[in-house]
Visitor: 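Please read through the structure below; I'll follow up with questions.
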Amino acid sequence: MIRAIGIMFICCAAAFGRTPEGPLGPLRTPNDAQPVVALQGGNIDVTAVARGEVFLVAGDARIALEPQWVEYPDGVRAQCAIPLSTAPGAYALEWSSSDETDVTNRAVYVIEDHAESYTFACIDAVALAGDEDSVANTLQTVTDASCRFAFVFASGESAQMVEALRALEAWPIPTYFVVSTAPPDAALWYGEPNLMFRYGPDAYFLLDSGKRGLGDALGYIASRYAQLRRETRSARWSVAILSNLDNRMAMRNTMTFFVDEPLHAVITNAPAAENIHWIGWHEPIPVHAPKKDGVRIFSAALKGISPRTATRILPTGVAR
Amino acid sequence: MLSLAIAALSLSSSATSGEIAFLRATGPDQRRVCIVNLSTGEVADVGPGPWDGAPVWSADGQKLAFTHVLPSGRTAILVCNAAGETLFTISAEGRNCTSPAWSPSGQLLAYTSETGTASRIWVHDISKNAATQWGTEERDAMAPSWKSETELVGVGLIKEEGKGLTTDLFDIEPGSASLLATTRGNGFFVEWQPVFQTVVAGLAYESNDGGDREIFVELPRRGVVDVSNHRAPDWNPVWSPDGAWIAFESLRGGTRGIYRVTPQRIIVTPIAADATSENWAPSWSPSGSSLVFVSTRGGKPALYVCDVEGDNMRAVTTPDFEDLAPAWRPETAEQ
């Protein structure tokens with residue numbers, strides 16, 4: 001683990017990895033707002049605006065992947081196998097066409113094995129917007145808890161996105177952005193929505209980090225969620241991560257997650273989540289993510305998904 | 001209001017006449033109601049955009065109702081004619097008006113009026129230009145569908161201490177909301193999307209009775225029957241104009257596909273379902289011989305038409321945009 005974190009730090013001290021203003025370049029996902037954790041020998045999905053060569057890059061290491069590109073409405077996508085010999089750690093993803101190269105930093109995290117019991121963090125982006133001490137203190141809180149990954153709850157405003165991403169440049173763990181209000185150009189910031197990811201035996205549904213916000217009752221995301229939820233029936237714990245519990249969720253998704261295939265836990269950053277009542281008798285109890293401008297650590301173990309006391313990161317950088 | 005754009009189409013002439021209202025993406029999360037003429041391929045803007053909702057035709061094909069988000073952020077219902085001229089707007093201070101449903105005569109428009117914590121069904125009388133609340137003040141209700149000019153069926157919320165919320169179907173009239181006796185469990189299961197068919201007096205709805213989401217149908221002298229019965233979710237029942245078929249969506253093929261079932265004989269047949277694309281939001285042609293639906297088979301979601309057997313599939317709009325929520329215009333008196 002220590003070795004892995006060391007490699008991660010070396011890699012992540014590199015450049016920002018986006019266009020100077022913050023939006024993504026031709027390589028869309030994975031990226032530093034929607035990273036991917038893969039086992040050695042596992043697979044990752046890559047999306048880009050066009051076909052190209054793809055490499056994992058960390059320090060002097062440059063590992064060629066073998067994408068089999070297929071067209072999709074917004075570009076091309078490919079599933080890439082991570083070579084078994086790939087060292088654990090954080091990698092930038094490099095994409096090269098005949099006349100252009102693009103890199104997304106902190107995009108791929110290769111691990112030897114998933115842990116059965118682990119911790120993760122939920123961070124309010126405001127905690128990353130203070131002085132250097134605030135950011136360092138946030139990282140210290142996360143590091144002290146040995147978190148495997150973190151969710152960053154952001155407003156979706158471009159300025160906040162850039163600030164938070166810069167603050168996270170040297171972080172050793174993957175950070176998933178959860179946005180309360182997707183900006184009109186969300187696809188440029190986040191790429192194709194990452195609706196769900198597995199971590200070991202557990203499934204995490206990201207219900208509002210996509211370009212279509214929470215709901216999309218009219219389009220096809222509702223059926224994607226239904227399919228993904230069915231595919232993860234055997235997950236030990238199924239967890240929804242979302243900014244707001246409100247009617248933007250759309251009734252079709254409510255049916256999927258709270259009636260037909262009930263989730264085990266809901267983690268939200270909504271201030272009044274306790275006042276929201278959900279249709280369905282298998283109603284999971286929503287848990288606040290962090291308090292405003294703070295951090296909350298969660299444990300995932302055999303007994304469940306358990307929140308710990310939230311830590312507020314003051315503007316002075318003092319945690320209490 | 002009316003601007004025309006020619007869609008690049010290749011339509012065969014049979015069963016492709018008429019008009020289809022739909023939603024076209026005008027920007028990220030922004031949509032406008034449009035109408036495509038199946039004979040010419042012309043697409044006309046009808047709604048003001050950029051936050052229009054799914055269009056619903058009146059039975060005579062003269063009026064189109066759809067939700068529209070106002071600058072205040074509240075959702076109103078706009079009613080316009082096929083030329084895009086706004087006839088009237090339904091809005092209420094502090095409330096969102098959604099789920100418009102025309103009565104058989106087209107003189108009454110039911111809708112859901114909700115505040116975020118409470119939801120009621122209201123009915124707008126066009127001749128009086130006035131709206132009244134139906135159901136009771138005690139019962140949250142939503143998603144209305146007309147049984148006759150004097151009676152609605154809707155989804156009502158059931159709150160039981162210690163058990164959270166669930167739903168069931170209710171007969172809704174002015175001043176009363178009575179639990180539909182034929183749904184099983186008295187609120188134990190979660191019912192949704194009731195659709196009444198006046199020709200056969202049949203009610204189709206979704207329920208998780210049986211473990212997963214299924215299409216149930218209640219017919220006179222038949223009782224309630226699970227007509228979709230599959231371990232994959234089935235949802236969004238849409239009656240054919242003569243009541244002989246119900247089109248619905250299902251994940252039984254691995255992707256979202258459109259199927260049809262005879263409510264009498266319970267035989268399920270695929271209409272538009274394949275492993276490589278998503279197909280949803282079916283709407284029947286006035287004759288019941290064809291359907292329009294949304295499909296990703298060409299890339300972005302676009303409108304496709306096929307006959308009831310699923311044959312003669314053809315694109316109605318090109319996948320250059322993102323077209324959703326088609327509603328085939330009923331035949332008008334002129335037609």
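Residue numbers start from 1 in every chain, and the chains themselves are labelled A, B, ... in the order their sequence lines are given, proteins ahead of strands. Computed from a predicted model, the values in this text were never measured in an experiment.
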Visitor: Using non-hydrogen atoms and a 4.5 Å limit, figure out which bit of Glu249(B) sits close to chain A: side chain, backbone, both or neither.
Guide: neither
Visitor: Would you sort out whether Ser295(B) and Tyr220(A) count as a side chain to side chain contact (heavy atoms under 4.5 Å, CB included), showing the intermediate values?
Guide: CA-CA 9 Å; Ser295(B) 178; Tyr220(A) 50 85; over 6 Å; no
Visitor: In sequence, state the C-alpha distance, the side-chain angles, and the governing distance for Arg31(B) and Leu218(A), and then conclude on side chain to side chain contact (heavy atoms under 4.5 Å, CB included).
Guide: CA-CA 11 Å; Arg31(B) 290 161 184 156; Leu218(A) 295 168; 3.4 Å; yes
Visitor: Under 6.0 Å from the CD atom of Glu100(A), do we count more than 12 heavy atoms belonging to anything else shown?
Guide: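 Yes.
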Visitor: With a 4.5 angstrom heavy-atom cut-off, which part of Ala281(B) approaches chain A: side chain, backbone, both or neither?
Guide: neither
Visitor: Relative to chain A, which segment of Thr255(B) carries a heavy atom at a distance below 4.5 Å: side chain, backbone, both, or neither?
Guide: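 Answer is both: backbone and side chain atoms of Thr255(B) are under 4.5 Å from chain A.
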Visitor: I'd like to verify something: which residue of Gly211(B), Gly254(B), Gly298(B), Ala54(B) has the highest number of heavy-atom pairs under 4.5 Å with chain A?
Guide: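 Highest number of heavy-atom pairs under 4.5 Å: Gly254(B).
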Visitor: Would you mind reporting whether Gln193(B) and Met251(A) have side-chain heavy atoms less than 4.5 Å apart?
Guide: no
Visitor: Just how far is it from atom CG of Asp212(B) to atom CD of Glu261(A), taken to the nearest 0.5 Å?
Guide: 8.0 Å
Visitor: Roughly how far apart are Met255(A) CE and Glu206(B) CD, rounded to 0.5 Å?
Guide: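 Atom-to-atom, Met255(A):CE and Glu206(B):CD are 6.5 Å apart.
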Visitor: Can you name the closest pair of heavy atoms from Trp235(B) and Ala226(A) and give their distance?
Guide: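 That closest heavy-atom pairing would be CH2-CB, 3.8 Å.
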Visitor: Is Ala143(B) in contact with chain A via its backbone, its side chain, both, or neither, using a 4.5 Å heavy-atom distance?
Guide: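 Answer is neither: Ala143(B) stays 4.5 Å or more from chain A.
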Visitor: Flag the one option from Gln227(A), Arg252(A), Arg230(A) with the top tally of heavy-atom pairs under 4.5 Å to chain B.
Guide: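 Greatest number of close heavy-atom pairs with chain B: Arg252(A).
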Visitor: Are the side chains of Val190(B) and Val259(A) in contact, using a 4.5 Å heavy-atom criterion?
Guide: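 Val259(A) reaches Val190(B) side chain to side chain.
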Visitor: Counting heavy-atom pairs under 4.5 Å with chain A, which one of Thr296(B), Leu251(B), Asn236(B), Val294(B) comes out on top?
Guide: Leu251(B)
Visitor: Kindly check if the number of other-residue, nucleotide or ligand heavy atoms within 6.0 Å of CZ (Arg231(B)) is above 12?
Guide: no
